[in-house]
Structures are given as structure tokens and as C-alpha cells.
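Here's the structure we're looking at; comments come further down.
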Amino acid sequence: MGRGTFRIHLGSAPGVGKTYAMLSEGHRRVERGTDVVVAFVEHHDRPRTEVMLHGLEQIARRELEYRGTTFTEMDVDAVLARRPAVALVDELAHSNVPGSRNTKRWQDVEELLRAGIDVVSTVNIQHLESLGDVVETITGVRQRETVPDEVVRRADQIELVDMSPQALRRRMAHGNIYQPDKVDAALSNYFRPGNLTALRELALLWVADRVDEYLREYRGEHDIRTTWQARERIVVGITGGPEGRTLIRRAARRTHQAARLRAESEILSFLAGSILRGETALDALLERVRETFAMESVALLERGTDVDPWTTAGSTGRNPVPRPEDADVDMPIGENMALALSGRVLPAEDRRVLGAFAAQAAVVLDRQRLVCEAEEARRLIEGHQIRTALLAAVSHDLRTPLAGIKVAVTSLRSTDVEWSEEDRGDLLEGIEDGADRLDHLIGNLLDMSRLQTGTVVPLIRVTDLDEVVPMALAGVPEDGVDLDIPETLPMVAVDRGLLERSVANIVENAVKYNPAGRPVKVSASALADRLELRVVDRGPGVPDEAKDRIFEAFQRHGDAPAGTGVGLGLAVARGFLEAMDGTLTAEDTPGGGLTMVLTLPIAGDARPVAGELPADATT
């Protein structure tokens with residue numbers, strides 16, 4: 001039994017009517033007495049498409065359970081058992097539900113074709129595998145379902161189902177494609193006129209190439225050697241007289257102009273695309289100008305002061321000129337800028353494209369400056385926020401331990417009360433605790449200040465983690481931490497002082513939220529070229545949306561009691577770790593709580609340096 005024939009209705013975009021066209025083909029064949037069945041058609045609740053199913057025999061679909069939901073797919077076995085002359089199969093690029101006979105629907109179709117069944121199918125141009133990147137660039141949507149180009153190219157017949165973007169958008173607006181509640185979003189996103197025009201061009205070009213293949217095959221099969229005027233060609237008829245030279249020169253000039261216009265179109269398309277993509281690399285744009293026009297150098301000049309009339313905003317190539325009058329080509333940009341090129345004199349016909357480049361260069365320069373201004377404004381806003389938060393912290397969190405110390409000292413100095421030794425001990429202990437809290441708060445404030453000003457310079461040396469972590473736990477009760485640091489772990493390349501401060505802040509934060517009587521788990525392990533330290537608490541945890549915010553300065557999550565800190569501990573810890581090429585992230589503890597995951601680079605060629613001091617030795 002021979003292989004079945006394969007016909008594909010190729011749509012230029014969703015909604016152009018490829019399924020409708022396939023069903024119409026099915027009805028025509030039924031009227032001619034052909035045995036036709038609907039193996040699988042998805043009408044997507046489109047009334048006119050659904051009506052076209054009437055009068056056609058439909059093969060029952062196969063039901064499959066997947067993740068608690070029932071799905072339906074084409075029943076390949078049922079179609080093979082029915083053995084129709086023609087099977088209509090919609091959506092060739094569809095991915096079948098796991099557990100199906102084949103992974104992709106085009107593989108189902110291949111089985112039907114091998115069984116001698118003719119197949120009529122549908123696919124949209126955006127689902128062709130080779131066009132995935134292009135379609136994503138145009139529409140911003142990555143197509144998850146694709147079909148190999150070779151599968152479509154092997155079809156015996158390909159019919160393009162096309163429609164102008166305006167007509168397709170009208171069809172969409174009338175509710176003939178999507179439900180009314182989805183129309184506005186579709187028209188303003190995927191179904192924009194530009195997207196539809198680009199998809200239409202892709203479809204036309206792809207089908208044109210396939211038509212060329214058909215034509216070459218036909219000419220080869222029939223041994224046709226004469227030229228067919230299927231494409232535009234320039235033909236010059238000459239008689240041998242003196243006018244022949246003029247005609248040839250003129251023809252060579254209709255050809256040269258066409259090539260030039262094509263090159264100009266490509267360049268202008270590139271510039272338009274760079275504007276839409278928001279590209280801001282001025283140096284790259286100037287280099288593109290230099291390469292396009294084969295120049296030695298290109299400079300973007302701005303009008304300056306009387307002392308220095310011109311300043312260079314950007315340049316590329318050898319010896320860029322400092323003034324427009326020194327250039328071989330001077331392209332003014334408004335009243336205060338110019339693009340100056342050196343290397344050769346440019347033909348007049350090239351100045352139009354050069355003008356487009358010049359305008360784009362001015363746009364890129366303005367955009368770069370706006371980005372810098374926005375970044376500076378962001379830094380100023382952040383600085384203001386930090387100063388405001390710092391003022392609030394100093395006025396509240398620092399005042400609390402100071403008030404406790406003041407009360408204790410006043411009580412001890414009082415002559416009106418005879419304090420017992422136990423009372424005096426409690427008061428002195430309160431003074432000591434308040435001083436320790438002040439020292440911790442001030443230390444974090446100073447550390448944050450160093451991070452904000454960029455003055456943290458780690459002194460990296462090779463060390464063992466079990467030499468640093470125990471020292472970081474000095475301020476934590478002995479029964480408050482369950483420590484597991486294997487001695488066999490590789491050494492790490494860190495600043496010991498910064499690492500000790502980071503671990504101390506992380507563990508103290510975990511102890512603060514951990515339930516009383518339960519220790520915080522601190523363990524370490526090696527993963528590839530990184531060493532991982534995990535600090536696990538069983539506290540209330542942190543929602544996913546707040547996991548990044550807890551590392552911001554002056555942030556205290558949840559119901560942290562007043563006076564327990566200014567919300568800098570984790571911000572300082574992350575800043576110090578990142579300065580040492582480390583990371584600090586938060587994740588949920590299985591069973592409830594929060595786990596801080598700290599990673600550090602395992603030592604490679606680093607070696608201890610004699611006499612080094614940790615970066616925070618002077619604070």
C-alpha cells in the first residue's frame with residue numbers, strides 16, 4: 001500500500017480561517033463521493049467553524065487523565081481501524097498530553113500517511129521551528145508548540161490561508177475569533193497591525209520559497225531548459241547599433257539603483273529596530289556608521305563654548321577629527337551637533353542614509369544621558385530614604401538601650417535606696433546588656449555606611465570555615481545553636497572579619513525568631529566550586545513576596561519587637577558576602593520556618609598572606 005498524500009493549509013496568523021478552509025475542503029470531497037472523516041478538529045467556540053462540522057463524520061476522541069484533569073486527543077488507533085480515504089487533522093504543531101501514543105500530533109499524522117490515508121491538516125506560520133526566534137522578536141511571545149520545517153516541506157500540497165491585518169482585526173473585533181472579554185487584550189498585544197504584517201510577510205516569503213522548490217522540481221522532471229519569467233528580470237534588447245551601449249548602461253543603472261535601495265532599506269530597518277529595542281550603545285552605532293561607509297573614523301561632536309567650540313561626545317576609528325570643518329564628511333544634527341567622518345568624500349546619494357544614522361546617534365546620546373540622570377536621581381532618592389530611616393533608627397532604637405543604661409546608673413548612684421548585692425548585680429548586668437546592644441547597633445550602622453560608600457575592600461585569604469563560624473557564635477547562648485561543620489570541608493577564600501560579622505548577624509537574626517527551647521541548625525557542605533552554609537530556624541517564616549525585602553536596609557519583618565535592632569543585620573551580611581564573591585538568599589524551611597543559605601567560593605590558587613588584617617579591623 002502506497003503512502004497517503006499530505007495537504008496543509010498554512011495560516012499567516014491565528015484566526016485567518018485555516019480550519020474553516022480545511023473543513024470546506026472536506027465538504028467538497030464528500031460531495032465528490034470521497035470517504036472523509038474528521039480525525040480531530042478544534043473549533044475554539046467559533047460558531048462559523050463549528051457549523052462546518054455538520055455533515056462530516058467525526059471519530060470519537062481518546063480521553064486521558066493527567067494531573068487530575070481529563071483531556072481529549074486524537075484516537076490514532078480508531079482512525080487506523082476506520083481506514084477512511086481522507087482524514088482531517090487540525091493543529092499539526094500540537095503537543096499531545098503525556099501518556100498519548102506519540103509526543104506530537106505531526107507524528108500521529110505520519111502514522112496515518114504511512115497507512116495510506118490521505119491527510120488534510122492546518123498549521124500557522126509562527127509554529128514553524130526555524131522561525132521561532134524571529135517570531136519571538138516580532139511578537140514578544142515564544143511559541144512552545146512547534147513543528148519541524150521538514151515535516152511541512154514534505155507536504156504534497158501547501159495552500160496559504162491569508163488575510164490583510166485590517167480585515168483580521170475587524171474579524172477579531174466582531175467576536176469571530178475570541179470571546180468578547182479577550183478581544184481588547186488580543187488587539188493591543190499579539191494582534192497589533194505591525195505584528196500581523198510581519199507574520200504575513202514571513203508566511204508569503206516561506207511559501208514563495210516552497211513554490212520555487214516545486215517549480216525547480218517540475219522543470220527538472222520535464223527537462224525544461226528555457227527561461228520562465230516567473231521572477232522579475234531586466235532584459236535589454238539591442239540591435240548592434242550605437243544605441244546599444246546607452247541601453248546597457250541604463251539597464252545596469254536600473255539594477256544598481258535597485259541594489260542600493262535594497263541596501264538602504266536594510267539599514268533603515270536596522271535603525272528602526274534599534275529604536276524599538278531601546279539600544280543605547282553609542283560606540284557600537286558609530287562603529288556601524290564607520291563600517292557601512294568604509295570610513296577611517298567617525299565622531300559625534302557637540303557645540304561647546306567660545307574657548308572650546310566643539311566637544312567629542314563619542315568616536316570610533318583612528319584619529320577622529322575634533323571639528324566638523326576638519327572632516328571629509330560633515331552631517332549637521334540640528335544646531336548644536338554634527339557627525340564628522342574622515343577617510344573619503346561621500347557620494348551625495350549616501351547622505352540620506354547617513355542622515356538617518358546621525359539622527360539615531362543623537363537619540364542614543366540623549367537616551368544615555370537620561371539613563372545616567374535617572375540613575376543619579378535613584379541614588380539621591382535612596383540616599384534620602386537611608387538618611388530618613390537612619391534618623392528614625394537613631395531617635396528610637398538607639399534611645400531604648402541608652403534609656404535603660406541611664407535608669408540603671410541613676411539607680412546605682414541614688415543614696416535613698418540601699419541596694420542588695422543581687423540588685424546591684426542586676427542593675428550592672430542591665431548596663432552591660434544595654435552597652436552590648438549599643439555596640440551592635442552602632443557597628444551595623446557603620447558597616448552599612450561603608451557598604452553605601454563603597455569603602456569595603458575585602459582582604460581575601462584562605463581559611464577553614466570551622467575556624468570562623470564558632471567565633472561568630474560568641475554572642476549566642478550555647479544551647480541556642482546546633483552546629484555541624486565537618487572538618488573535611490575544603491578551605492574557602494574569604495575575608496575572615498567580614499565573614500565572621502556576616503555569620504553573626506545571620507545567626508542572631510535566626511535565634512531572635514526561633515521558638516524558645518529549640519536550637520538554630522547551622523550546617524555546611526561543599527557543592528562543586530562553592531561551599532554552602534545553611535542557617536535553619538523554625539520560626540514563623542517569611543512569605544515569598546517578602547524574601548527579597550528582608551535584605552534591604554532598615555527592614556524588620558513581621559512582629560519583631562521594638563528595640564531589637566534597626567533592621568540592618570541581614571543587609572550588612574549580604575553586602576559583606578557579595579563583596580567576597582559570596583551570596584545570601586532565603587528559602588522556606590521544610591515544616592515551617594526560614595533557612596538562610598550562604599555560599600562562598602572554595603579556595604583555588606589563593607594563598608594566605610602574612611600580616612593581613614580583616615577588612616573591619618579598624619571599626
When you measure from the side chain of [X] to the backbone of [Y], do you find a donor-acceptor pair of N or O atoms at a distance under 3.5 Å?
X      : Y      : value
Arg574 : Leu584 : yes
His174 : Arg170 : yes
Arg549 : Glu545 : yes
Thr139 : Val141 : yes
Asp537 : Gly539 : yes
Asp149 : Glu129 : yes
Arg344 : Phe293 : yes
Thr589 : Thr595 : yes
Arg192 : Asn189 : yes

field: Candidate pair Ser164 and Arg200, rule side chain to side chain contact (heavy atoms under 4.5 Å, CB included), full reasoning
entry: CA-CA 8 Å; Ser164 70; Arg200 188 185 194 196; 4.1 Å; yes
message: Apply salt bridge (Lys or Arg N to Asp or Glu O under 4.0 Å) to residues Asp464 and Arg496 and explain how you reach the verdict.
response: CA-CA 10 Å; Asp464 283 314; Arg496 295 183 61 172; over 6 Å; no
Could you report the tightest heavy-atom contact between [X] and [Y], atom names first, then the distance?
X      : Y      : value
Ala586 : Met596 : CB-SD, 4.1 Å
Gly317 : Pro320 : O-CD, 3.9 Å
Gln126 : Leu199 : CB-CD2, 4.4 Å
Pro332 : Asp330 : CD-O, 3.5 Å
Val321 : Ala340 : CG2-CB, 3.5 Å
Met163 : Val16  : CE-O, 3.8 Å

Do [X] and [Y] touch side chain to side chain, with heavy atoms closer than 4.5 Å?
X      : Y      : result
Val345 : Val329 : no
Ser523 : Lys521 : yes
Met331 : Arg351 : yes
Ile506 : Leu598 : yes
Val363 : Leu365 : no
Ser12  : Glu201 : no
Glu145 : His94  : yes
Val289 : Thr316 : no

field: From CA spacing to verdict: side chain to side chain contact (heavy atoms under 4.5 Å, CB included), Leu128, Leu131
entry: CA-CA 6 Å; Leu128 294 185; Leu131 300 178; 4.2 Å; yes
- prompt: With no hydrogens and no angle check, do the side chains of Asp328 and Ser342 hold a donor and an acceptor under 3.5 Å apart?
  reply: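 Per modelled atom types, Asp328 and Ser342 side chains form no pair under 3.5 Å.
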- request: Ignoring hydrogens and angles, state whether a donor on the side chain of Thr599 or Arg530 is under 3.5 Å from an acceptor on the partner side chain.
  value: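 Yes - a donor-acceptor pair under 3.5 Å links their side chains.
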query: Would Leu465 and Val494 count as a side chain to side chain contact (heavy atoms under 4.5 Å, CB included) if you check the C-alpha gap in whole Å, the side-chain angles of each, and the deciding distance to 0.1 Å?
result: CA-CA 10 Å; Leu465 197 64; Val494 296; over 6 Å; no
[X] side, atom [atom1]; [Y] side, atom [atom2] - distance, nearest 0.5 Å:
X      : Y      : atom1 : atom2 : answer
Leu301 : Met337 : CG    : CE    : 8.5 Å
Met471 : Arg501 : CE    : CZ    : 12.0 Å
Arg288 : Asp283 : CZ    : CG    : 15.5 Å
Leu533 : Ile485 : CG    : CD1   : 5.0 Å
Phe357 : Leu339 : CZ    : CG    : 9.5 Å
Arg303 : Ile333 : CZ    : CD1   : 12.0 Å

- request: Would you mind checking if Glu287 and Arg290 are paired as a salt bridge, meaning a charged N to carboxylate O distance below 4.0 Å?
  value: yes
query: For Arg142, does the CZ atom have more than 12 heavy-atom neighbours from other residues, nucleotides or ligands under 6.0 Å away?
result: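 Atom CZ in Arg142 is crowded, with more than 12 foreign heavy atoms closer than 6.0 Å.
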query: More than 12 non-hydrogen atoms from neighbouring residues, nucleotides or ligands closer than 6.0 Å to CD on Glu375, yes or no?
result: yes
query: Does the salt bridge (Lys or Arg N to Asp or Glu O under 4.0 Å) test come out yes or no for Arg461 and Asp495, once each step is laid out?
result: CA-CA 6 Å; Arg461 57 178 175 175; Asp495 182 306; over 6 Å; no
- request: For side chain to side chain contact (heavy atoms under 4.5 Å, CB included), just list the numbers for Val597 and Glu587, CA-CA rounded to whole Å, side-chain angles, deciding distance to a tenth of an Å, and then say yes or no.
  value: CA-CA 7 Å; Val597 183; Glu587 61 184 43; 3.7 Å; yes
- request: Run the numbers on Glu302 and Arg369 for salt bridge (Lys or Arg N to Asp or Glu O under 4.0 Å), then give the verdict.
  value: CA-CA 14 Å; Glu302 281 190 293; Arg369 289 175 174 170; 2.4 Å; yes
